[in-house]
Structure formats: C-alpha cells, structure tokens
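Notes for the one structure printed next.
Count residues from 1 along the sequence. Just so it is clear, the model here is predicted, and its values are computed rather than measured.
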Amino acid sequence: MQYQFAFDDLCSVANASVRVQVTTTPDKRKRYKLPSGFTPITPLYYHQLVGVHRIVQHAQYGLFDEPGLGKTLQLAYAAHELQQTRRIEKTIIICKASHAYTWQTQLSLHLPSCKVHSLVGCAPSQRAYDDAADFTIINYELLQRSGKYCNPPLRVPWSYQTLLYSEDVARLIAYASKYKCAVVLDESQYIKSMRANITRTLCALAPLFTHRYIATGTPISERPDDAWSQVFFLDYGKLFGTSYLSFLRNYADLVQTPYGLKVVRYKNMHALHKRLRTISIRRLKVDCLDLPPKLVRDIPLLANATHVRVMNKYRDALLTALHAHKGNTITLQRHSNISQALQDIQVAAAMPCLLDAHCERKHNTKYQRLLDDLNDMQDAHLIVWCVHVAVAKRLTTYLQQDGINTACIYGEVSHAQRARIVDAFQSGKGARVLVATQASLRENVTLTRAKRAMYYELDWALTNWVQSQDRIHRIDAQSASGAASQVEHILLDVPLLQQSLDAYMFAAIQAKQSVAQSVTDGARGKQTITKLKLIRALRW
C-alpha cells in the first residue's frame with residue numbers, strides 16, 4: 001500500500017476523501033478508515049491522523065508533539081499500519097520501567113486484536129521474547145548494563161569503540177535480526193547524553209531496526225545540543241554529521257577551560273529549528289485542541305519569624321561554601337558541598353521541620369498557604385508537586401492529619417501501586433489531593449481530574465517543569481466524548497517564599513524554557529550556576 005498523502009498541503013479531511021473514509025462523531029474526533037483498510041476503534045483528532053501518516057511515510061522520524069496531544073495513540077496506530085502493509089513484522093517499544101504499564105494498557109485498549117508482550121519487571125530467566133507478539137515492551141534499564149557478550153560485535157558509531165553487552169542486549173540483537181522490526185524510543189530525551197552507556201548501546205543497535213522512531217514532548221530538555229544523539233539514532237549522522245564537536249561548533253560559541261570546552265552562548269537556533277523540522281513533526285496544544293488556557297501564577301509569600309530563622313541558618317551555610325569556592329561557575333555535579341547546601345536551603349523553604357525539630361507545622365509558611373487554598377477550593381482535586389521525597393512524605397502526613405484525603409507517589413512506590421492511586425484519583429473515588437515528586441510522575445500519566453496544581457517545590461530541571469504541568473493540561477483519555485473539560489483555565493500556582501531561592505530558581509527555569517522553545521517551537525546539560533548571581537539571590 002502506497003502512502004501518497006500530501007499533508008503539508010492538506011487543508012481538510014475532505015481533500016483526502018478518496019483515500020481516507022471518515023465517520024463523524026458528536027465531538028471533534030472522527031473515525032477514519034486508514035488506507036490499509038483498518039478502522040481504529042478509537043476516534044482520532046485530526047492532528048493524530050496527520051501524525052499517524054507522517055510516521056508511516058518515513059522509516060526514521062521524530063514525533064515531538066507537546067505533552068498531552070496523544071503521542072502514544074499515534075505511534076500505536078502507525079506501527080499497526082506498518083504491520084498491516086507488511087513493511088514491518090514486529091514493533092519494539094523501549095520506555096522507562098514506570099511507563100510500561102501505561103503502554104501495555106493503551107495498546108490492549110486501542111488494538112485489542114494485537115498481542116502485547118512486556119519484559120519489564122520479569123526475572124532474568126523469564127525475559128524471553130515472544131515470537132507471537134506484535135508489540136514487545138522493554139525498558140531502558142535492561143539495556144544499560146554492560147556484560148560479557150561481544151559477538152556479534154557492537155561498535156559505538158562515533159568512536160568505533162567495541163561494547164561489551166549484557167544478555168538482555170544479546171536477546172534483543174537475536175530478535176531484531178530474526179524479524180523486520182520497528183523500534184520506538186518513548187521519551188527519547190533519555191538518550192540525550194552521548195556519553196551515557198544506554199545511548200552508545202542504542203546507537204550501535206540502530207541499524208538492526210528497519211524503522212526507527214523517537215517520541216518526546218521535550219527533545220530539548222536542558223540545552224539545544226540534547227538533540228544530537230537523538231537524531232543520530234534516527235539517521236546515523238545524515239542530518240547533523242557524525243561529529244558531536246562539529247555540531248556544537250555550528251550552534252554554539254565555545255571557550256577552552258581547564259575542564260574542557262564550555263558553551264558561552266548558543267547561536268543559529270532558527271537554522272537548527274528548520275533542520276529538525278525535516279525529520280520530525282511538532283504540534284502545540286493551542287493549535288490542535290480546544291483546551292482551557294494554562295495560567296501560571298507566582299504567589300509571593302512572606303515567611304514568619306520562626307521560618308526565617310531556619311532559612312537564615314542554611315543561607316549562612318551556603319554563603320560560607322560559596323565564598324570558599326574559587327571561580328564564578330558552579331557545576332552542581334562536581335561541587336557536592338554546594339549542591340548539598342542548595343538542597344538544604346530548598347528543604348528549609350518547603351518543610352523546615354525536617355531540618356529543625358522546633359519548627360512546627362504552624363510555622364511552615366508554604367503549608368499554611370496550601371491549607372488556605374484547599375479550604376477555598378472546597379472539594380476540588382489538587383496536584384501538589386514536590387522535588388524531595390522527604391518533603392512529599394511529610395506533606396502527605398500533615399494533610400492526612402488535617403483530615404484531607406491525600407495520596408503520595410514517589411520513586412519507590414511500585415508501578416502497580418502507582419497505577420492504582422492514579423486510576424482512583426482519576427475516577428474521583430480516591431484521594432482528593434495527590435502529592436507527587438516531579439521526577440516520578442511527570443510523564444505518561446493523565447491527571448485531568450484536577451484542574452489546578454501547586455508547585456510546592458521547584459526543580460532545576462526544565463523537563464520536570466514542562467512535563468509535569470501537562471499532566472492536567474492534555475487530552476482527557478478517560479473522557480467518553482474526548483471533549484475538553486469546560487473550565488475557564490488550568491491553574492498552576494507557584495508559591496515563592498521571599499526569604500528563599502524560589503524566585504531565583506523560577507527565573508532560571510523560565511530562561512531555560514525560552515532557549516528550548518527557540519529550537520522546538522520556532523545552559524548546559526550539567527546544572528551550572530553563576531556564583532555572583534546566586535550570592536545576590538541570597539540577600540534577604
């Protein structure tokens with residue numbers, strides 16, 4: 001079956017009525033009969049139909065839609081189309097372990113005739129590939145470990161270094177060599193670092209797959225050069241070349257330091273954006289869906305005397321570490337004493353009782369604001385985003401003690417328990433307040449029961465900020481009609497304690513987002529901070 005759809009020139013579905021049969025439904029989604037003759041049981045939005053065909057038209061492609069536009073559904077139906085037209089035989093989904101349950105349930109829901117096999121969570125002796133499966137789900141962590149296998153040899157493309165790989169990688173090589181396979185890297189920013197073992201392994205494995213697809217809402221998670229290794233996995237250097245250093249010189253001004261080359265500033269972002277568009281598609285929710293707008297509100301808070309005393313103690317400790325540091329640039333991964341002092345001052349702002357037993361609940365300025373908001377909201381649901389697990393746990397305890405039905409999700413919560421909490425929250429039969437760390441629940445989850453979220457703590461990572469807010473601003477997968485909830489706006493509250501680094505961190509996140517948007521929508525990977533700016537931010 002040949003796909004001849006000129007979607008760039010397509011203005012309406014009617015223009016393609018010769019090849020796509022359409023059955024309308026009461027909402028904005030429609031039932032399309034795809035060229036293979038298959039009619040998805042799930043009605044699609046028009047942007048999803050376009051995404052399916054763009055993917056099917058290309059053997060290597062990136063789906064960079066803004067979080068909340070249904071990338072999982074598009075990839076599932078595109079892979080099924082490729083199987084129906086005999087261009088591939090099997091599809092391998094590589095995702096984070098915490099996302100495997102979502103993929104398994106979504107594939108079973110939207111493609112009930114296909115067999116789905118997951119290796120995630122299986123014991124090593126049970127991680128065998130099923131020849132009868134149409135979709136196989138594995139997690140990145142299985143491919144991370146090195147081992148003793150070297151035949152057939154795997155070589156890192158840009159260094160020709162031979163890799164020793166694990167038994168799990170050996171099984172994947174055997175399976176991909178046996179069948180014509182498509183591979184999907186879900187949340188592909190996971191391989192943004194060319195030095196990471198998982199990135200080198202996947203890039204070495206890439207030629208085994210006849211079709212390769214990457215999907216993420218944040219391809220530029222921290223810096224523009226995050227895109228290089230992701231695109232290299234797709235096209236093996238056709239777009240940006242095989243030299244990372246050459247790519248960096250094209251899009252950044254560099255300076256030599258004792259620690260190596262350092263990016264002074266990025267450049268040619270518009271040119272980078274145009275080149276990325278040739279191998280990917282990205283749509284924004286504002287252009288595709290009739291969703292209520294997001295309203296980000298920064299809320300200045302003035303700490304009480306007891307809270308200020310705790311903040312001043314840890315501010316002084318941080319200032320001591322900063323003054324002892326030589327140089328103006330601080331790399332958090334390298335300077336552990338400053339990193340720890342920064343974490344302490346963040347915890348002191350969010351949950352001072354964890355650092356000072358004399359600071360009671362009533363002295364916690366942010367918590368008192370949270371209680372006031374919950375009282376004003378009556379019975380409405382709320383997401384509370386944290387960064388530190390200890391803060392999330394103590395906050396959950398406080399809310400439960402105050403009679404508020406609260407659940408908590410963090411990294412150590414099992415995938416099954418996490419799914420039960422989310423399902424209960426979405427159905428309205430579970431907790432009213434869901435407290436979660438941003439890193440544990442920022443992706444592949446729908447939390448649209450809540451129309452409001454509070455960022456109780458801020459993180460330095462742009463990905464956590466962007467992905468987490470779209471948990472409540474997205475297509476409601478649980479809605480029978482697919483229509484957006486009729487609310488005036490989605491509220492994202494960011495309480496900024498004046499005697500803290502909250503405002504400084506909020507400004508840093510917004511600056512990173514501006515750089516990322518210059519690439520995807522028309523700072524380095526290691527978290528670096530300017531010493532003088534940080535000292536100024538500590539003056540309160």
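- Taking the side chain as every heavy atom from C-beta outward, Leu395 and Cys386 approach each other to under 4.5 Å.
- Put simply, SG on Cys95 and CD on Glu141 are 8.5 Å apart, with the number rounded to the nearest 0.5 Å.
- Between Thr199 and Ser193, the shortest heavy-atom contact is OG1-O, 2.7 Å.
- Here the straight-line distance linking atom CZ of Arg277 with atom CG of Leu272 works out to 12.5 Å at 0.5 Å rounding.
- No side-chain donor-acceptor contact under 3.5 Å links Tyr140 to the backbone of Ala97.
- With contacts defined as side-chain heavy-atom distances shorter than 4.5 Å, the pair Phe233/Val183 qualifies.
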Chi angles and distances behind the side chain to side chain contact (heavy atoms under 4.5 Å, CB included) call for Leu491, Val296: CA-CA 6 Å; Leu491 277 178; Val296 180; over 6 Å; no
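- Here the closest non-hydrogen pair linking Pro67 and Lys285 is O-NZ, 2.8 Å.
- One distance of note links CG of Leu276 with CE of Met269; it measures 9.5 Å at 0.5 Å rounding.
- Between the side chain of Gln498 and the backbone N or O of Leu302 there is no donor-acceptor pair closer than 3.5 Å.
- Residues Leu447 and Ile472 approach most closely at O-CG2, 3.2 Å, considering heavy atoms.
- Lys294 meets the salt bridge (Lys or Arg N to Asp or Glu O under 4.0 Å) test with Asp470; sequence neighbours excluded.
- Heavy-atom minimum distance, Ser98 versus Arg418: CB-NH1, 3.6 Å.
- Inter-residue side-chain proximity for Trp385 and Ser468 is flagged as met; some heavy-atom pair is nearer than 4.5 Å.
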Arg223 and Asp226: CA distance, side-chain angles, deciding distance, salt bridge (charged side-chain N to carboxylate O under 4.0 Å, His left out) verdict: CA-CA 6 Å; Arg223 60 190 191 184; Asp226 287 345; 3.2 Å; yes
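- Between Thr102 and Asn444, the closest heavy-atom pair is OG1-O, 3.2 Å.
- Sorted pairs that involve residues 293-323 and meet ring pair (Phe, Tyr, Trp, His ring centres under 6.0 Å), not counting sequence neighbours, are lacking altogether.
- Between the side chain of Gln499 and the backbone N or O of Val308, no donor-acceptor pair lies under 3.5 Å.
- For the pair Val433/His381, no side-chain contact is recorded, criterion being any heavy-atom separation below 4.5 Å from C-beta on.
- Contact check for Leu399 versus Leu374: side-chain heavy atoms found under the 4.5 Å cut-off.
- Tested against Val435 for a side chain to side chain contact (heavy atoms under 4.5 Å, CB included), the candidates Val391, Thr396, Ile383 yield a single pass: Thr396.
- For Gln401, the CD atom is densely surrounded, since the number of other residues' heavy atoms within 6.0 Å is greater than 12.
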Verdict with reasoning, Arg452 to Asp493, per salt bridge (charged side-chain N to carboxylate O under 4.0 Å, His left out): CA-CA 8 Å; Arg452 187 170 175 178; Asp493 290 337; 2.9 Å; yes
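- In this structure, Tyr456 OH and Thr437 OG1 are separated by 15.0 Å, a value rounded to the nearest 0.5 Å.
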Throw together a table of side-chain donor-acceptor distances under 3.5 angstrom for residues 402-410, partners on residues two or more places apart or in other chains.
| unit_1 | atom_1 | unit_2 | atom_2 | d |
| --- | --- | --- | --- | --- |
| Asp402 | OD1 | Arg361 | NH1 | 3.2 |
| Asp402 | OD2 | Arg361 | NH1 | 3.3 |
| Asp402 | OD2 | Tyr367 | OH | 2.4 |
| Asn405 | ND2 | Gly430 | O | 3.3 |
| Thr406 | OG1 | Ile404 | O | 3.0 |

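- The backbone N or O of Lys393 lies less than 3.5 Å from a partner atom in the side chain of Thr397, making a donor-acceptor pair.
- The distance from atom OG of Ser188 to atom OH of Tyr213, rounded to the nearest 0.5 Å, is 14.5 Å.
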Met454 and Leu492: CA distance, side-chain angles, deciding distance, side chain to side chain contact (heavy atoms under 4.5 Å, CB included) verdict: CA-CA 6 Å; Met454 173 181 280; Leu492 302 172; over 6 Å; no
Side chain to side chain contact (heavy atoms under 4.5 Å, CB included) between Leu462 and Thr218, intermediate numbers included: CA-CA 9 Å; Leu462 174 62; Thr218 53; over 6 Å; no
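- Between Arg432 and Asp379 there is no salt bridge, since no side-chain nitrogen of the basic residue lies less than 4.0 Å from a carboxylate oxygen of the acidic one.
- Using a 4.5 Å cut-off on side-chain heavy atoms (C-beta onward), His99 and Thr72 make no contact.
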Let me have the donor-acceptor pairs involving side chains of residues 343-360, under 3.5 Å, with sequence neighbours excluded, atom names and distances please.
| unit_1 | atom_1 | unit_2 | atom_2 | d |
| --- | --- | --- | --- | --- |
| Asp344 | OD1 | Gln340 | NE2 | 3.0 |
| Gln346 | NE2 | Leu458 | O | 3.3 |
| Asp356 | OD1 | His358 | N | 2.9 |
| Asp356 | OD2 | Arg309 | NH1 | 2.9 |
| Asp356 | OD2 | Arg309 | NH2 | 3.4 |

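- Taking the side chain as every heavy atom from C-beta outward, Trp158 and Ser243 never approach each other to under 4.5 Å.
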Trace of the side chain to side chain contact (heavy atoms under 4.5 Å, CB included) decision for His325 with Ile338: CA-CA 9 Å; His325 173 71; Ile338 296 178; 3.9 Å; yes
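- Thr216 and Tyr190 share no donor-acceptor pair across their side chains, judged by distance under 3.5 Å alone.
- Here NE2 of His273 is found 14.0 Å from CG of Asn268. Values are rounded to the nearest 0.5 Å.
- Using modelled atom types, one finds a donor on one side chain and an acceptor on the other under 3.5 Å when comparing Arg474 with Thr446.
- Using modelled atom types and a 3.5 Å distance limit, the side chains of Thr463 and Gln189 yield no donor-acceptor pair.
- The aromatic rings of Trp465 and Phe506 lie perpendicular to each other, with more than 60° between the two planes, well past the 30° mark.
- Not a single salt bridge (Lys or Arg N to Asp or Glu O under 4.0 Å) links Glu457 to another residue, sequence neighbours left out.
- At a cut-off of 3.5 Å, with distance as the only test, no side-chain donor of Tyr266 or Asp253 sits close to an acceptor on the other residue.
- Under a 4.0 Å N-O distance rule, the pair Asp65/Arg282 does not qualify as a salt bridge.
- One finds no salt bridge joining Arg369 and Asp372 here, because no Lys/Arg side-chain nitrogen approaches an Asp/Glu carboxylate oxygen to under 4.0 Å.
- Ring geometry for Phe247 versus Trp228: interplanar angle of 30 to 60°, hence tilted.
- Listed here is the closest heavy atom pair of Ile509 and Asp459: CD1-O, 2.9 Å.
- Only one option out of Glu443, Gln438, Arg442 pairs with Asn464 in a side-chain hydrogen bond (donor to acceptor under 3.5 Å, both in side chains); it is Arg442.
- Residues passing the salt bridge (Lys or Arg N to Asp or Glu O under 4.0 Å) test with Arg127, sequence neighbours excluded: Asp168.
- Within the 4.5 Å cutoff, no side-chain heavy atoms of Asn304 are placed close to those of Asn364.
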